[in-house]
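A short write-up of the structure that comes next.
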Amino acid sequence: MTDAEPSQSPQPQPKAPQLPPPSRLPLDWIAASLRRERTRAGLSLSELAKRAGIAKSTLSQLEGASGNPSMETIWALGVALGVPFSALVEPPVSAVRVIRAGEGPTVASEQAPYVATLLSASPPGARRDLYHLRAEPGAARVSEPHIPGTVEHLIVSTGRVLAGPVGETVELEPGDYLTYRGDVPHSYEALLPGTTFVLVMQHV
């Protein structure tokens, strides 16, 4: 009778690499931008908070790099300051900048399952901002008018979107393009799961 061969212990399987979570908007970017733009506009904390329709304590927290600012709060502050959304969330610029899928400064909406990632802010003279957006069905994201002269250009990548000025929304499918005034109330609503689209905001 031969001795049994020693049992082979199972080799541990290598773990699949964990993808990093999507980056979030660093609060120090917003804090520095708010202080810069508020100082440039010559406004006190109280006056800017009043114009934006937010609590002074909320603005104070944001300038102190704390809190969790929503998309609506940042838009309201941008309109009150007369600057594009990107002026408040744009990261420091380097000579070479790469944004991988799922990365980039990201901010979420309070109103709907809607997340915006700033891909490219307007360079001097070009006056345009480029965003990649993803949204899920459930609620429309209604946007207040942006600064006067804003025009939006929207191209659907996946899913289906109902978008445009309030009362004039158009249903769009992948590859469809829509342009409209962004200085009037407008909305975006995902009609299918996994909806994504590119949005170019043009400022004059």
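Since this is a predicted model, take the numbers as computed values, not measurements.
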Completion exercise
Of all heavy-atom pairs linking G159 and P174, the shortest is O-CD, 3.0 Å
Practice task
Evaluate the side chain to side chain contact (heavy atoms under 4.5 Å, CB included) criterion for residues L130 and V198: first the C-alpha distance (whole Å), next the side-chain angles of each, then the deciding distance (0.1 Å), finally the verdict.
Solution key: CA-CA 7 Å; L130 175 65; V198 173; 3.4 Å; yes
Exercise for the section: Find out if a path of hydrophobic residues (ILVMFWY) with successive side-chain heavy-atom gaps under 4.5 Å connects V79 to F85. Expected result: no
Practice task
Search all heavy atoms of D183 against all heavy atoms of G149 and return the closest pair with its distance.
Solution key: OD2-N, 3.0 Å
Problem - Sequence-distant partners of S57, side chain to side chain donor-acceptor pair (under 3.5 Å), two or more places apart - result: none
Problem - Steps toward side chain to side chain contact (heavy atoms under 4.5 Å, CB included) verdict (E63, R38) - result: CA-CA 10 Å; E63 289 202 3; R38 184 172 63 81; 2.6 Å; yes
Problem - same_hphob_cluster(V83, L199) at 4.5 Å side-chain heavy-atom cutoff - result: yes
Exercise for the section: Give a yes or no on whether the backbone of G194 and the side-chain of T158 come within a donor-acceptor separation of less than 3.5 Å. Expected result: yes
Exercise for the section: Look only at the side chain of S33 and the backbone of W29, and say whether a donor-acceptor pair between them is shorter than 3.5 Å. Expected result: yes
Practice task
Would you kindly confirm whether L45 and L43 end up in one hydrophobic cluster when ILVMFWY residues are joined by side chain heavy atoms under 4.5 Å apart?
Solution key: yes
Handout entry: Test side chain to side chain contact (heavy atoms under 4.5 Å, CB included) applied to P69 and L77, T58, L88, L27, the passing residue
Key = L27
Completion exercise
Sorted by chain and residue number, the salt bridge (charged side-chain N to carboxylate O under 4.0 Å, His left out) partners of R35 (sequence neighbours excluded) come out as none
Practice task
Quick one: list whatever passes side chain to side chain donor-acceptor pair (under 3.5 Å) with R36, sequence neighbours left out.
Solution key: none
Problem - Single-linkage hydrophobic cluster, 4.5 Å side-chain cutoff, V184 and V170 together - result: no
Exercise for the section: Give the minimum heavy-atom separation between E136 and P193, together with the two atoms involved. Expected result: OE1-CA, 3.2 Å
Exercise for the section: Of all the heavy-atom pairs spanning T169 and G164, show the shortest one and how long it is. Expected result: CG2-O, 3.7 Å
Handout entry: ILVMFWY cluster, I54 and L34 together (side-chain gap under 4.5 Å)
Key = yes
Exercise for the section: Report yes if some heavy atom in the side chain of R128 is under 4.5 Å from a heavy atom in the side chain of H203; otherwise report no. Expected result: no
Practice task
State, yes or no, whether a side-chain contact exists between P185 and P165 at a heavy-atom distance under 4.5 Å.
Solution key: no
Handout entry: Audit row: H153, Y177, side chain to side chain contact (heavy atoms under 4.5 Å, CB included) steps and yes/no
Key = CA-CA 7 Å; H153 306 265; Y177 162 78; 2.7 Å; yes
Exercise for the section: Heavy atoms only: give me the nearest L162-E171 pair and the separation to one decimal. Expected result: CD1-N, 3.7 Å
Exercise for the section: Output the distance between atom CZ (R134) and atom OG (S157), rounded to the nearest 0.5 Å. Expected result: 13.0 Å
Exercise for the section: Indicate yes or no: does E47 engage K50 in a salt bridge with an N to O separation below 4.0 Å. Expected result: no
Practice task
Assess whether side chain to side chain contact (heavy atoms under 4.5 Å, CB included) is satisfied between S86 and Y131, documenting all intermediate values.
Solution key: CA-CA 10 Å; S86 59; Y131 298 90; 4.0 Å; yes
Practice task
Kindly confirm or rule out a cation-pi arrangement of R141 over Y114, judged by NZ or CZ under 6.0 Å from the six-membered ring centre and within 45° of its axis?
Solution key: yes
Exercise for the section: Measure the spacing between CD of Q61 and OG of S66 and express it to the nearest 0.5 Å. Expected result: 4.5 Å
Practice task
Please confirm whether H186 and H146 have ring centers closer than 6.0 angstrom.
Solution key: yes
Handout entry: Test item: H132 and T196 side chains (from C-beta on) under 4.5 Å apart, heavy atoms
Key = yes
Problem - Approximate separation, where rounding is to 0.5 Å, of E189 CD and L191 CG - result: 5.5 Å
Practice task
Examine distances only and state if a side-chain atom of T179 and a backbone atom of E152 form a donor-acceptor pair shorter than 3.5 Å.
Solution key: yes
Exercise for the section: Have a look at V107 and tell me which of T73, I74, I30 forms a side chain to side chain contact (heavy atoms under 4.5 Å, CB included) with it. Expected result: I74
Fill in the blank from the handout: When rounded to the nearest 0.5 Å, the distance separating OH of Y188 from CG of L172 is 12.0 Å
Exercise for the section: Answer whether the closest heavy-atom distance between the side chains of V142 and Q111 falls below 4.5 Å. Expected result: yes
Exercise for the section: Looking only at non-hydrogen atoms, find the nearest pair between F197 and V156 and report the distance. Expected result: CB-CA, 3.7 Å
Fill in the blank from the handout: Between the OG atom in S44 and the CG atom in L59, the distance rounded to the nearest 0.5 Å is 9.0 Å
